[in-house]
Amino acid sequence: MRYVSEFREPSAARMLAHEIRAACTNSWTIMEVCGGQTHAIVRFGLDSMLPPGITLIHGPGCPVCVTPLETLDKAIVIASREEVIFCSFGDMLRVPGSSLDLQTVKSQGGDVRVVYSPMDALALACKHPDREVVFLAVGFETTAPANAMAAVQAKRRRLDNFSLLVSQVLVPPALEVILSAPASKVQGFLAAGHVCTVTGYEHYRPIAEKYSVPIVVTGFEPVDLLRGILACVRQLESGRAEVENEYKRAVRPAGNPVALRQIEEVFEVADRKWRGIGEIPQSGLVLREKYHDVDAERRFGVEAVATEEPSECMSGEILQGLRKPPECPAFGTRCRPEAPLGATMVSSEGACAAYYRYRRNRGPSESG
Ligand code: SF4
């Protein structure tokens, strides 16, 4: 398949690994920001192709993993109401809230449905004018345009039975939190290519300059990732800290202006909680005042629901690259994909799930 097989070509990957080995004379720690990148690295064993001086650590870019516990608890309160059809992407259903998950609400009779887009939820609102249809709008800059479009369409069609439970987060403020942490080891980033298809990458330049870190926009296939690592290593070795695009087939410097206008129309930037990390200033999107009538938190009166994170799960440290999944005492024992304690074990993009799927038989020291 074009755009996939050519970027999984083993000979191209081996050649890039050779170039990385030739370029690397020091030790460097590089964070891949997105959970999709983590899965590809672990699945294809890309870290084992690198010289010993390069350490890859896994970043916070898994939308399911960073959705705060209290958003799940709000979702559960709303989904349990008789008049509600609660719509979500499938991987949110098994993420544990503080006592239940959405799958349990469904098994207890709640009308919880898996959809593939907020527009599917909008179609349900048209079809069931006597029901309240709520879409769980989570994710990074990648999901924000479609969620914004759903809000615009709901108003345009005067669908007063549709609303969004919003937990949208933004990548750049999280990178700054990671870089500002005293224990941070990150010296370079592989930025998430799909986020940059929406936002572009110009806004990364001040971060690269302020913290002296190279930021390389990188795709998700083995060749994409190795190209990103090579570009990052070359910058680190030559003392540069620039923003580079190694995902040119998808990403333009200014991103997608139509999608950005749609986001701007519906959302504004605000402080947001991240699961396992806590509140990050100016790191999320909330509905603008003129869209408050599609805000599910207001409609169902759940704004005040607040939940403390459990202490056992160390996914916050994993999401900031401070630890790797096998270092968690619960990994593979009390916490497994079929019985997850934290979101990073649930999501198809979660680092704990990736290690469990591909590396659970190795000890912590062998697990990269
Ligand atoms: S293994 Fe489970 S408990 Fe440990 S950090 Fe990952 S999700 Fe949390």
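Just so we're clear, the structure is a prediction, and the values are computed from it rather than from any experiment. As the structure lists them, so they are numbered: ligands from 1, and atoms in each ligand from 1.
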Chemist: Looking at OG1 of Thr307 and NZ of Lys273, how far apart are the two atoms once the value is rounded to the nearest 0.5 Å?
Modeler: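 Between Thr307 OG1 and Lys273 NZ, I get 7.0 Å after rounding to 0.5 Å.
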Chemist: Just by modelled atom types, is the Met49 backbone N or O under 3.5 Å from a matching donor or acceptor in the Arg21 side chain?
Modeler: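 A pair under 3.5 Å: yes.
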Chemist: Considering only distance and modelled atom types, tabulate donor-acceptor pairs under 3.5 Å from the side chains of residues 91-98, sequence neighbours left out.
Modeler:
unit_1: Arg94; atom_1: NH2; unit_2: Pro337; atom_2: O; d: 2.2
unit_1: Ser98; atom_1: OG; unit_2: Asp73; atom_2: OD1; d: 3.2
unit_1: Ser98; atom_1: OG; unit_2: Asp73; atom_2: OD2; d: 2.6

Chemist: Under 3.5 Å, sequence neighbours excluded: what are the donor-acceptor pairs made by side chains of residues 22-31?
Modeler:
unit_1: Thr25; atom_1: OG1; unit_2: Glu237; atom_2: OE1; d: 2.5
unit_1: Thr25; atom_1: OG1; unit_2: Glu237; atom_2: OE2; d: 3.4
unit_1: Asn26; atom_1: ND2; unit_2: Glu237; atom_2: OE1; d: 3.3
unit_1: Trp28; atom_1: NE1; unit_2: Glu237; atom_2: OE2; d: 2.8

Chemist: For atom 8 (Fe) of ligand 1, check which protein N, O or S atoms are under 2.8 Å away and list them.
Modeler: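 Protein N, O or S atoms closer than 2.8 Å to atom 8 (Fe) of ligand 1: Cys313 SG.
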Chemist: Side chains of residues 116-128: which donor-acceptor partners sit under 3.5 Å, not counting sequence neighbours?
Modeler:
unit_1: Ser117; atom_1: OG; unit_2: Met119; atom_2: N; d: 2.8
unit_1: Asp120; atom_1: OD2; unit_2: Tyr116; atom_2: N; d: 3.0
unit_1: Asp120; atom_1: OD2; unit_2: Ser117; atom_2: N; d: 3.4

Chemist: For the pair Gln320 (side chain) and Gly316 (backbone), establish whether a donor and an acceptor sit closer than 3.5 Å, ignoring hydrogens and angles.
Modeler: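 At least one qualifying donor-acceptor pair exists.
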